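Small disclaimer: the values here were computed from a predicted structure and weren't measured.
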Amino acid sequence: MLQDIDAMMEKKKSIPFDPKVNFSLNIILAQVAPHFYTDEELSQIEELYQSVFQETKSPFISQNTMKKEKMDNNKKRHRSSDEGSMSCGERRVKPKTIKEKESSQSPKLPIHIMEKITKLNGTNVRYVMCKKLFKTDLNVNNNRLSMPLKKIKCDFLTEIENNILDTKKEDKPLGLEVIVLDPSFREFTMSLKLWKMPKKSKMHSTCVYNLIKNWRFLVSQNNFKEDQELNIWSFRVNGKLHFLLDD
């Protein structure tokens with residue numbers, strides 16, 4: 001690590017500064033040793049950081065001082081499975097209690113994933129959920145990964161995308177084309193659909209996002225096991241929705 005820092009500092013003297021080069025290292029250094037940078041360079045790192053991670057507040061500040069990285073938990077919301085006869089699209093986000101906020105905080109984004117998303121020019125990085133794989137998820141005949149709405153930690157869809165998923169054609173839900181990256185960063189084109197699963201009670205239903213089409217091919221390329229947990233992140237490249245699976 002020290003060798004990387006020394007090499008970067010030496011190289012920094014001879015070439016124009018680019019915050020995308022050694023992006024992860026720049027983020028760490030800007031937090032622990034901001035005196036290595038000019039105010040302008042710190043501003044460039046902050047601008048790039050915020051463009052990629054809009055869910056967090058920037059941990060950087062000029063004038064050789066530091067900010068503590070904070071998460072605005074009061075602004076974080078997730079879709080809930082409200083009781084009643086509302087449709088999936090009508091379900092409203094409820095404010096979380098302090099206990100709920102503490103238990104549902106996002107894990108820290110791993111550096112290798114941060115670097116991959118940065119290389120793809122990804123933005124709007126959000127933590128979607130921790131998905132426990134069930135036998136039905138790994139069954140190639142099902143060819144789908146289920147993500148129950150009540151487990152989702154954020155609103156990762158735009159209003160237009162929500163309207164598309166709430167629309168049915170010939171009594172079947174429409175799908176939204178997305179890109180899914182497996183833990184090895186291989187890309188698979190899939191379709192995201194919102195399914196409303198009826199329960200015994202007429203007043204209640206369960207809403208589930210499903211990634212279908214090519215899911216079986218992703219499973220065949222990975223050694224996923226039943227009960228294995230995957231952290232699922234979403235981000236956008238030129239506006240297109242991407243998911244990344246991290247084991």
*Go through the side-chain N and O atoms of Lys131 and Ser146 and say whether any donor and acceptor fall under 3.5 Å apart.*
yes

Side chains of [X] and [Y]: closer than 4.5 Å at any heavy-atom pair?
X	Y	value
Pro107	Trp233	yes
Val180	Leu245	yes
Asn124	Phe235	no
Asn231	Tyr127	yes
Ile212	Lys193	yes
Leu165	Leu192	yes
Leu194	Asp166	yes
Leu176	Ser191	no

Between [Y] and [X], is there a salt bridge with N-O shorter than 4.0 Å?
X	Y	answer
Glu161	Arg236	yes
Lys240	Glu177	yes
Asp155	Arg126	no
Asp137	Arg144	yes

Connected via hydrophobic side-chain network under 4.5 Å: [X] and [Y]:
X	Y	answer
Val237	Val125	yes
Ile232	Phe217	yes
Val140	Phe134	no

*Can you list the steps and then say if Trp215 with Asn142 is a side-chain contact (heavy atoms from CB on, under 4.5 Å)?*
CA-CA 9 Å; Trp215 172 250; Asn142 289 341; over 6 Å; no

Heavy-atom closest contact ([X] atom, [Y] atom, distance):
X	Y	value
Asp247	Pro183	OD1-CB, 3.6 Å
Leu241	Ser234	CD1-CB, 4.1 Å
Leu138	Lys225	CD1-C, 3.5 Å
Lys153	Met129	CG-CA, 4.2 Å
Leu218	Asn222	O-ND2, 2.8 Å

*Would you check if the side chain of Asn143 reaches a backbone N or O of Arg216 as a donor-acceptor pair within less than 3.5 Å?*
yes

*Any chance you could lay out the side-chain contact (heavy atoms from CB on, under 4.5 Å) test for Asp227 and Lys132, step after step, and finish with the verdict?*
CA-CA 6 Å; Asp227 294 329; Lys132 184 177 181 179; 3.2 Å; yes

Spacing of [X] atom [atom1] and [Y] atom [atom2] [to the nearest 0.5 Å]:
X	Y	atom1	atom2	value
Asp246	Leu109	CG	CG	8.0 Å
Asn214	Thr189	CG	OG1	6.5 Å
Asn163	Leu174	CG	CG	11.0 Å

*Residues that Phe156 engages under ring pair (Phe, Tyr, Trp, His ring centres under 6.0 Å), provided they are two or more places apart*: Tyr209, Phe243

*Apply side-chain contact (heavy atoms from CB on, under 4.5 Å) to the pair Leu133 and Leu230, showing each step before the final yes or no.*
CA-CA 8 Å; Leu133 296 175; Leu230 298 174; 4.0 Å; yes

*Please name all residues satisfying salt bridge (charged side-chain N to carboxylate O under 4.0 Å, His left out) with Lys119, sequence neighbours left out, ordered by chain then number.*
none

_Full working for side-chain contact (heavy atoms from CB on, under 4.5 Å) between Leu120 and Glu187_ = CA-CA 12 Å; Leu120 293 173; Glu187 296 187 7; 4.2 Å; yes

